[in-house]
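To start, the structure itself, in structure tokens.
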Amino acid sequence: MATIQSLLDSADLPDSPSARLDAELLLAAALGKSRSYLRTWPEQEPSTAQQAAFAAHLARRRAGEPVAYILGQQGFWTLDLEVAPHTLIPRPDTELLVETALALLPATPLRVLDLGTGSGAIALALASERGGWRVSGVDRVAEAVALAERNRQRLKLNNVEFRLSSWFAVLVDERFSLIVSNPPYIAASDRHLGEGDVRFEPASALVSGADGLDDIRQIITAAPAHLEPGGWLLLEHGYDQAEAVRGLLGAAGFRQVESRRDLGGHERISLGQWPQ
């Protein structure tokens, strides 16, 4: 029979930029083990059923399906989250929103809003770090709200709630000290929409008008009515949109407007404070 080592060596994922990592994750899932198990016991011989499960995983990956969707989970911040094709896959660059929010505001009790929460990644990461914060996450997709709630329950975080809402629609008269969002920000004509993992992610969570800024404009316009005096708005955006987003924030009356760079050195988030 094939060994763990031989299965990994023969895994064929020619179009994946992270072929070896993908193969390890998929084989570990088929075995119900950790990646460290693969390195510790490379001579072990998986069962016929386990090999078949691994082969099925590889076939889906060769077709371009993201590993996170195949496994149904993705790590974000310090959390392991359930993910599904009706939500974006949480990405490391988005952790910059979490880092910035935690550095901006104190650990004292305050209200936080995550717009377009998807799997709940940002809201849950903030709630896990700040037990005194009351975090709300909203999404217009019912399946996403249900998924975020499952993640909340599994993580046993009682200081966060998830609601069905298109941006601020159900938040009449509610105000927050912090609003964060990773909204759709890709232009409808962007060629990258037909490449890589994003082919499998929901277009409604990716595309936002001709220049990718339609949803960001809407959020910036509506946010002041839902921010406490001195409250902050933090937005993720495309690598080449920082200047435009800073301009929108400034024109809307936000102060202390700036952008922060992601792991690749790109200006990935922009923020501003509503006047006191």
Side-chain angles (χ1 to χ4, degrees), residues 24-26 28-37 66-171 174-183 201-202 205 226 228 231-234 236 269:
E24 289 182 0
L25 290 169
L26 296 174
L31 298 178
K33 302 290 186 180
S34 66
R35 285 175 62 208
S36 62
Y37 177 90
V67 171
Y69 287 162
I70 297 170
L71 301 183
Q73 62 183 21
Q74 176 74 10
F76 180 81
W77 198 247
T78 61
L79 312 174
D80 288 322
L81 301 174
E82 178 188 347
V83 296
H86 44 258
T87 65
L88 287 183
I89 299 167
R91 289 170 168 80
D93 285 342
T94 300
E95 293 181 359
L96 180 59
L97 275 176
V98 178
E99 294 172 6
T100 304
L102 294 174
L104 273 178
L105 285 98
T108 53
L110 50 83
R111 294 195 68 197
V112 175
L113 174 64
D114 175 23
L115 290 169
T117 195
S119 64
I122 297 169
L124 292 165
L126 292 173
S128 73
E129 295 287 345
R130 295 287 187 264
W133 289 6
R134 291 172 53 209
V135 184
S136 297
V138 299
D139 202 289
R140 68 179 185 84
V141 178
E143 293 88 350
V145 175
L147 174 62
E149 175 60 18
R150 290 197 299 274
N151 280 323
R152 184 199 69 78
Q153 291 181 13
R154 185 171 47 79
L155 294 167
K156 297 181 172 60
L157 292 170
N158 296 321
N159 58 326
V160 58
E161 63 168 0
F162 295 104
R163 289 185 273 174
L164 185 65
S165 179
S166 178
W167 300 137
F168 297 98
V170 305
L171 304 171
E174 294 189 49
R175 290 182 177 269
F176 304 85
S177 297
L178 170 68
I179 298 173
V180 297
S181 184
N182 177 18
E201 295 183 275
H226 298 278
E228 298 284 0
W232 289 88
L233 174 62
L234 277 62
E236 180 170 336
I269 73 167

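Here the structure is a predicted model, which is why all the values come from computation and not from measurement.
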Determine whether [X] and [Y] make a side-chain contact, defined as any pair of heavy atoms from C-beta on separated by less than 4.5 Å.
| X | Y | value |
| --- | --- | --- |
| Leu155 | Ser128 | no |
| Arg91 | Ile89 | yes |
| Pro109 | Arg134 | no |
| Ile122 | Thr117 | no |
| Leu124 | Phe76 | no |
| Leu164 | Val170 | no |
| Leu178 | Trp232 | yes |
| Ser177 | Arg111 | no |

- Task: For Glu174 and Arg163, run salt bridge (charged side-chain N to carboxylate O under 4.0 Å, His left out): C-alpha distance rounded to whole Å, both residues' side-chain angles, the deciding distance at 0.1 Å, then the answer.
- Result: CA-CA 13 Å; Glu174 294 189 49; Arg163 289 185 273 174; 3.0 Å; yes

- With rounding to the nearest 0.5 Å, note down the distance linking CD in Glu161 to CD in Glu149. 9.5 Å

- CD/Glu236 to CG/Leu96 distance, rounded to the nearest 0.5 angstrom? 8.0 Å

Sub-3.5 Å donor-acceptor pair from the side chain of [X] to the main-chain atoms of [Y], do we have one?
| X | Y | result |
| --- | --- | --- |
| His226 | Leu171 | yes |
| Trp133 | Thr108 | yes |
| Arg152 | Leu157 | yes |
| Arg154 | Asp80 | yes |
| Asp139 | Val145 | no |
| Thr87 | Val83 | no |
| Asn151 | Ser119 | yes |

What heavy-atom pair brings [X] and [Y] nearest, and what distance separates the two atoms?
| X | Y | result |
| --- | --- | --- |
| Glu95 | Trp77 | OE2-N, 2.6 Å |
| Ala84 | Tyr69 | O-CE2, 3.2 Å |
| His86 | Ala144 | CD2-N, 3.9 Å |
| Asn159 | Ala127 | ND2-O, 3.2 Å |
| Ser181 | Asp114 | CA-OD1, 4.4 Å |
| Leu79 | Ala125 | CD1-N, 3.7 Å |

- The side chain to side chain contact (heavy atoms under 4.5 Å, CB included) partners of Arg175 (sequence neighbours excluded) come to Glu228

- For the pair Val112 and Leu110, evaluate side-chain contact (heavy atoms from CB on, under 4.5 Å) and give the outcome as yes or no after the intermediate values. CA-CA 7 Å; Val112 175; Leu110 50 83; 3.4 Å; yes

- Are Thr100 and Ile269 close enough, and set up right, to give a side-chain contact (heavy atoms from CB on, under 4.5 Å), and what steps lead you there? CA-CA 9 Å; Thr100 304; Ile269 73 167; 3.4 Å; yes

- When you look at Phe162 and Leu147, which way does the side-chain contact (heavy atoms from CB on, under 4.5 Å) test go after all the steps? CA-CA 10 Å; Phe162 295 104; Leu147 174 62; over 6 Å; no

- side-chain contact (heavy atoms from CB on, under 4.5 Å) between Leu88 and Thr94: does it pass, once the steps are laid out? CA-CA 11 Å; Leu88 287 183; Thr94 300; over 6 Å; no

